[in-house]
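We name chains A, B, ... by the order of the sequence lines, and we start the count at 1 in each one.
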Amino acid sequence: MSDRALELFEQYLEQRASGQHPDAAALVHEAGDQADVLAGMIAAYAATHPADVTEDQLEQMVARPELEPPRPWPELLPALRERTHTTRATLVSRLCEVLGVPGSELQVAAYVHELEAGLISPARVRPAVVSALAAVLGVPRSLLESSRGLAAEPRPASGLNFARSARHSDDGLMSLGALEPDADPRVDDLFTGGDDG
Amino acid sequence: MDERVVAREALDRFTAAYHLHLPPVDVEQLCESLCCLRIRISDDLAAIPGAPEGVALSGMLLPARKEVWVSEHEPWERRRFSIAHEVGHYLLHVGEISDGVFCRAADLRPDPESPERLREREANRFAAELLMPEQLVAGEVDRYGPDPVALAPLFAVSDLAMGFRLVNLGHLQALPVDLDRQWQQWRA
């Protein structure tokens with residue numbers, strides 16, 4: 001048996017014994033290439049000690065995305081966000097932190113949107129972005145790498161637009177139109193510079 | 001499926017996934033996080049490629065780019081309603097029809113049962129249920145009474161939108177006089 005998996009499993013049991021609620025999904029992630037072993041141990045423990053394991057933790061373990069078949073990023077990224085309760089705004093904010101581009105939220109948000117909408121190929125992003133996404137979404141980098149080359153489903157018909165007419169205007173009541181800061185070329189490079197690995 | 005059911009389902013999924021509490025509904029987050037639509041603000045929606053010509057617009061949905069555009073010249077509450085309205089089109093109508101549809105054109109059609117006007121009404125009912133869920137409105141009416149001016153800030157909607165919602169849900173017989181005056185001015 002793996003020492004690392006055993007060590008983390010003992011950590012899990014100790015936290016349980018002391019009345020804490022260990023984050024099983026985080027421990028499994030921490031196990032790296034021993035994730036499957038540790039997940040099996042915790043699952044076996046959960047089967048014999050159901051009262052000790054919360055339903056939420058069980059759901060997280062059952063829904064481990066790294067054990068699922070690879071999916072295109074436009075499907076995978078929103079699913080991972082939803083699973084980890086991460087709004088798009090939070091993802092963008094944390095990506096800016098991890099990538100070291102604070103203040104570039106609008107620019108990063110535009111690229112995250114294009115990735116989730118299938119408007120830009122994941123193959124174009126730098127490895128640093130793949131690593132940052134993996135860290136923020138709590139999944140192994142390999143999961144994102146393995147699905148980078150998959151094509152998304154075709155988008156809805158492009159000729160279709162919906163518009164809502166303005167029947168009255170309230171000029172002067174409120175205007176939130178914010179001036180967008182100049183684009184940071186480092187961000188453009190991170191999301192379009194390609195795989196330099 | 002009934003547009004109000006679709007709105008409730010979207011709201012349930014949104015609050016469960018992102019652990020958010022209501023009211024008010026964070027419609028911007030719902031639009032972006034749940035529907036993966038990007039919200040963009042413009043001072044001239046008519047200049048956006050794909051917009052109808054010569055029409056003042058409040059909002060626009062571009063499904064191919066998964067973008068919702070709203071006008072910066074409108075108050076925040078009305079902008080929220082526009083976003084909810086376009087989310088309604090996205091969840092209810094994208095994929096259902098193949099031609100471009102514009103509200104203004106639909107508004108001008110004499111036939112109130114035209115498909116365009118029906119879609120607009122569905123999107124409006126969706127938006128009303130999304131921003132002012134029937135059950136939550138009932139709860140607040142129990143606490144504060146059927147007062148549009150008191151309830152509107154709780155749901156982050158305009159007094160007029162709240163007034164119509166209270167009438168449509170049967171909490172009020174008719175719009176209060178001040179709001180009815182606003183409504184008459186708006187129609188003129």
State the [atom1]-[atom2] distance between [X] and [Y], to the nearest 0.5 angstrom.
X	Y	atom1	atom2	value
B/Leu20	A/Thr87	CG	OG1	7.5 Å
A/Thr90	B/Tyr18	OG1	OH	9.5 Å
B/Lys66	A/Glu114	NZ	CD	13.0 Å

Handout entry: Under 4.5 Å from a heavy atom of chain A, the part of B/Ile48 involved
Key = neither
Problem - Proximal component of B/Ala123, with respect to chain A [non-hydrogen, under 4.5 Å] - result: neither
Handout entry: Test side chain to side chain contact (heavy atoms under 4.5 Å, CB included) applied to A/Ser142 - qualifying residues, sequence neighbours left out
Key = A/Pro140
Problem - Which residues share a side chain to side chain contact (heavy atoms under 4.5 Å, CB included) with B/Ala84, sequence neighbours left out - result: B/Val27, B/Ala127, B/Leu130, B/Leu131
Completion exercise
Looking only at B/Gln29, B/Gln185, B/Glu28, the option with the highest number of non-hydrogen pairs under 4.5 Å against chain A is B/Gln29
Handout entry: Partner set under side-chain hydrogen bond (donor to acceptor under 3.5 Å, both in side chains) for B/Asp44, not counting sequence neighbours
Key = none
Problem - Intermediate values then yes/no, side chain to side chain contact (heavy atoms under 4.5 Å, CB included), B/Arg13 and A/Glu82 - result: CA-CA 10 Å; B/Arg13 193 175 144 212; A/Glu82 199 164 320; 2.8 Å; yes
Exercise for the section: Go through the steps to decide whether B/Ser33 and A/Arg81 satisfy the test side chain to side chain contact (heavy atoms under 4.5 Å, CB included), and finish with yes or no. Expected result: CA-CA 8 Å; B/Ser33 294; A/Arg81 276 198 301 96; 3.6 Å; yes
Practice task
Answer yes if B/Leu118 and B/Leu91 sit in the same cluster of Ile, Leu, Val, Met, Phe, Trp and Tyr residues linked by side chain heavy atoms under 4.5 Å apart, and no otherwise.
Solution key: no
Handout entry: B/Val149 with B/Val157, same ILVMFWY side-chain cluster at under 4.5 Å
Key = no
Practice task
With chain A as the partner chain, list the residues of residues 165-176 of chain B whose heavy atoms fall under 4.5 Å from it, by residue number, and write 'none' if nothing qualifies.
Solution key: none
Practice task
Walk me through it: do B/Cys31 and A/Arg88 pass the test side chain to side chain contact (heavy atoms under 4.5 Å, CB included)?
Solution key: CA-CA 10 Å; B/Cys31 180; A/Arg88 193 188 263 191; over 6 Å; no
Practice task
Take A/His113 and B/Arg65 through the side chain to side chain contact (heavy atoms under 4.5 Å, CB included) test and state the conclusion after the steps.
Solution key: CA-CA 9 Å; A/His113 172 73; B/Arg65 294 197 54 81; 5.5 Å; no
